[in-house]
Amino acid sequence: MMRTSLFSRRTIRQGAISAVGSVKIKLLLACVIVFTLIALVGRTPSFKGWKHHDASLYRSSPPRKKYALLINTWKRNDLLKQSISHYASCPGLGSIHIVWSEPDPPADSLVKFLNHVIQSDSKDGRKIELKFDINKEDSLNNRFKGIKDFKTEAVFSIDDDVIFPCTSVELAFSVWQTAPDTMVGFVPRLHWDDRSKGNQDNYVYRGWWSVWWTGTYSMVLSKAAFFHKKYLSLYTHSMPSSIREYVTKNRNCEDIAMSFLVANATGSPPIWVKGKIFEIGSTGISSLGGHTEKRSHCVNLFAAEYGRMPLVSTSIKAMDSRSSWFW
Ligand SMILES: *[C@@H]1O[C@H](CO)[C@@H](O)[C@H](O)[C@H]1NC(C)=O
C-alpha cells in the first residue's frame, strides 16, 4: 500500500513539474514574440517616421504663441534641407534662424529651396520667416549670438542632424511656457561630484547611460532645447569672456556653458521632456575618443569660473500623459 501511494504521488508530482515547465516555456515564448512584435512595430517608422505622427494630438489645442527655430549647421546642406522641411510643418513655429559660419555664403539654390519649402508649408495662413545669420568667424559661440530681431521669446535650439516629431516639439514648448526661465530639452546629461578621489578635478561629466542608470540629470543639451531669448544676450555679453574664449579655442562645450548660465540665473534644474529622436546625420563629436574627459574638464573649468557649481540635479521627466501605456 505504502509503496503504491508513494509511487503514484511521485508520478503526479513529476507530471505537475513538467506541466509547469511547459507553461513557463510557453509564457517565455509568448513574451519573446510580443516583444519582437513591439520592437518591429516601433522600428518601422524609423525612416522619416517623424512625418507620420498624429497631427490630431496638437490640433485639439492650437498654440497661441510661437517659437523661433535656431538651427546650427556646418557644411551639411542635405541635413539642413531635411530639418527645415520637417520643422516648417510644426504648427507653433514662427521663424527660422540659421546660424551660418561657413566661409562661403549660402548658395542661391539652397536659399531658393528653403523658401519654397517654407511657403508650401505655410499655406494655412501662417507666415514663417527665414533668416540666415552669417558669421565671418567660425566659432561655436555663434549659435548663441542672438539674432537681433527675434519676435518670439521662446527659442528652440537644434542641431541639423537630429529631428523630433512636431508632437514632441510642441510638448516641450508647452512645458517651457509653464517655466519660461528654465531650459527645457530632450537630451539630458549629468555631472557627478567626485571629490572622493582627492584630485584636482572634482566633477565628472556623464553621458546618456549614467542618466539612464540613475534617472538623474543636471543639464539638457542645446542641441535640442527650448530657452528664453534673453539667455542669448547673456551668453554673448554677460558670461565671463574666458568661457567663450575656451569654447572657441577648443570647439567644444558651448552647450555646457549655456547650461551653467541658465542654472546660475535660475538656481533650478532644467526640465527633460520625453521625445522621440531621429538621428539623420552621422555621429558627431560625442563618438570621438576622449570626449568624456574633455567635457569633464569643461565642467570643472566653468565651475571654477563661477566660483561654485551652479548645476542642480533632478529626476523629473515631463511627458504627454496620453502617450503613456498604463497610467
Ligand atoms: C550668476 O548669478 C548671479 C545671481 O543672479 C549673478 O549676480 C552673477 O552675475 C551670475 N554669474 C555669472 C557668471 O553670470
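We count ligands from 1, going down the list as the structure has it; atoms in each ligand are counted the same way.
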Angle between ring planes, Phe156 versus Phe226, binned at 30° and 60°: parallel, tilted or perpendicular?
parallel
Note to self: Using only atom types and a distance under 3.5 Å, with no angle test, would you say the side chain of Asn142 pairs donor to acceptor with the backbone of Glu137?
What the structure shows: yes
For the pair Phe260 and Phe302, name the ring-plane relationship: parallel under 30°, tilted 30 to 60°, perpendicular over 60°. perpendicular
Given the options Val162, Asn72, Asp160, Lys223 meets side-chain contact (heavy atoms from CB on, under 4.5 Å) only with Val162
**Item:** Note: Asp255-Arg143 ion pair, threshold 4.0 Å (strictly below)
**Value:** no
At a 4.0 angstrom heavy-atom cut-off, ligand 1 is contacted by Pro240, Asn264, Tyr306
For Lys230, the side-chain hydrogen bond (donor to acceptor under 3.5 Å, both in side chains) test, sequence neighbours excluded, returns Asp181
